[in-house]
Amino acid sequence: MIDTLTLSAEDAIALVERREVSAAELHTSYVDAIAERDPELHCFLRVVEEPNGTGIPIALKDVISTRGVETTAGSRILSGYVPVFDSTVAARCRTAGLSLLGKTNTDEFAMGSSTENSAFGPTRNPWDPTRVPGGSGGGSAAAVSAGLAPWALGSDTGGSIKQPSALCGNVGLRPTYGTVSRYGIVAFASSLDQVGPVARTIRDCALLYSIIAGRDPRDATTVELPEPVQLPQQDRLDGLRIGIPKQLAQLAAVEPGVRAVFEQTIDLARELGAEVGECDLPLSFDYGMPCYYLVAPAEASSNLARYDGVRYGPRVDGATYREMVERTRNAGFGAEPKRRIMLGTYALSAGYYDAFYGQAQKVRTLLIREHRDALSEFDLIATPTSPTVAFPLGDKAADPLAMYACDLLTIPSCLAGLPGLSIPCGLSEGLPVGLQLIGRQFGENTLFRAGHALEGAIGFEVLPARLRRAGSKKAS
Ligand code: GLN
């Protein structure tokens, strides 16, 4: 019997290498776990029952195109769309022998922070199914937490890997922009979208990053990694300088319980030898969100123009071409993509372009500069990942601005193109709290090193309390 509840990817790989289990048996064990627990959680939009690799399984967010396997991005407008090609990340997973376990739920076109915007129904948080798993990649994060996949890929535009990992209590990496190919990823905002790993441990996260990262001739924004991925070993942080933004103290949105766990974790970092100081990000928390909600919808409005009832998915007929396109888009898109298309086309329209889109691009440059300055003094910047723990389903669904505020802390570094790691660092109200570490461009190895040392010292139990069985081992 394979206990998928507690298995890390590294352990699973070792089991297969030692021939204690076959790749096929492992795949089947996860399919069984999905059959048992996913009816409650709804992490998966599609499950691939047949083992299809020589290695361990992986779950992919449904914005990642997979040859022969329906890919919907959580939208009705793509239902029935079966790609005839693999995205580069899916192809790299296949080449590494990974067995595709299924496609995970997401907010429609990755727009959202709770997975409630999925056209196919929400995912629930394995720690408390009355609560959201975060979003947009709630399906991948919840699947890893609940032992329905040893690891998974998500995509992050403004926080969609980091924030759900925080709310579900696992490790998520948003890589440096340009290190992971976007070829075959359903595009949301092309200057921000990055694919990255969701895992139970930092080492698993680093391993999966090493599989997907690197230049891809099919995506001209990608580059080769300047140094190979190093699997972290050390348990000390001596010599590492961590900056805490001084603006954090003034942010009323951060729940006291989240703040307390964050501060304990920073104390722990000091005990491990890190030098902790104050850094200055004067614009990030006031202007990051408004800047993002101009740039991202502007790019989305352009990227979503391709869904016209001709190229992909279902069509609603009309008397003229124009009527057909209007009806198809009206029926196919949910409220959030429509809202973003309207915001984006407005921001890009003649007469408003300079005042909104142009201005946002200037702000983005300032955010890049202030992060660069802070990271010239410090190796890493630390904040909580999410200002709150997982909230009840429905709590923010009717209030788009409250939903947008979930990404207050994750968005600024995304605009700056920098890598960010979320690691579970404790509980508040019985729910996971994430620590966000922001690194320099291509600073993933430093993130892994710091994350690994902290992970050991924190000793967070990844498996949600309600899924722990008597006698099951610690998962972290
Ligand atoms: N929650 C943010 C949004 O709705 C970020 C989403 C993402 O990173 N894909 O745009």
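Note that the numbering runs from 1 along the sequence shown for the chain. First listed ligand is number 1; within each ligand, the first listed atom is number 1. Fair warning: this is a prediction, and the values are worked out from it, not measured in the lab.
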Worksheet, complete the sentence: Those residues at least two apart in sequence (or on a different chain) that pass side-chain contact (heavy atoms from CB on, under 4.5 Å) with Asp219 are Ser181, Arg182, Asp216, Thr221, Thr222
Practice prompt. Write out the protein residues near ligand 1, meaning a non-hydrogen atom under 4.0 Å from one of its atoms, in order of chain and number.
Written response: Ala110, Met111, Gly112, Ser113, Ser136, Asp156, Thr157, Gly158, Gly159, Ser160, Phe188, Tyr292, Tyr293, Arg340, Asp407
Discussion item. Given Thr123, which partner from the list Thr104, Asn105, Thr115 fulfils the side chain to side chain donor-acceptor pair (under 3.5 Å) test?
Written reply: Asn105
Sequence neighbours excluded and cut-off under 3.5 Å, please list the side-chain donor-acceptor pairs for residues 288-296, or say none.
none

Worksheet, complete the sentence: For Ala374, the side-chain contact (heavy atoms from CB on, under 4.5 Å) test, sequence neighbours excluded, returns Cys279, Leu281, Ile381
Discussion item. To check you understand the geometry: which heavy-atom pair defines the closest contact between Ala143 and Cys43, and what is its length?
Written reply: N-SG, 3.6 Å
Worksheet item: For the residue pair Leu418 and Arg440, what are the closest heavy atoms and their distance?
Response: CD2-C, 4.1 Å
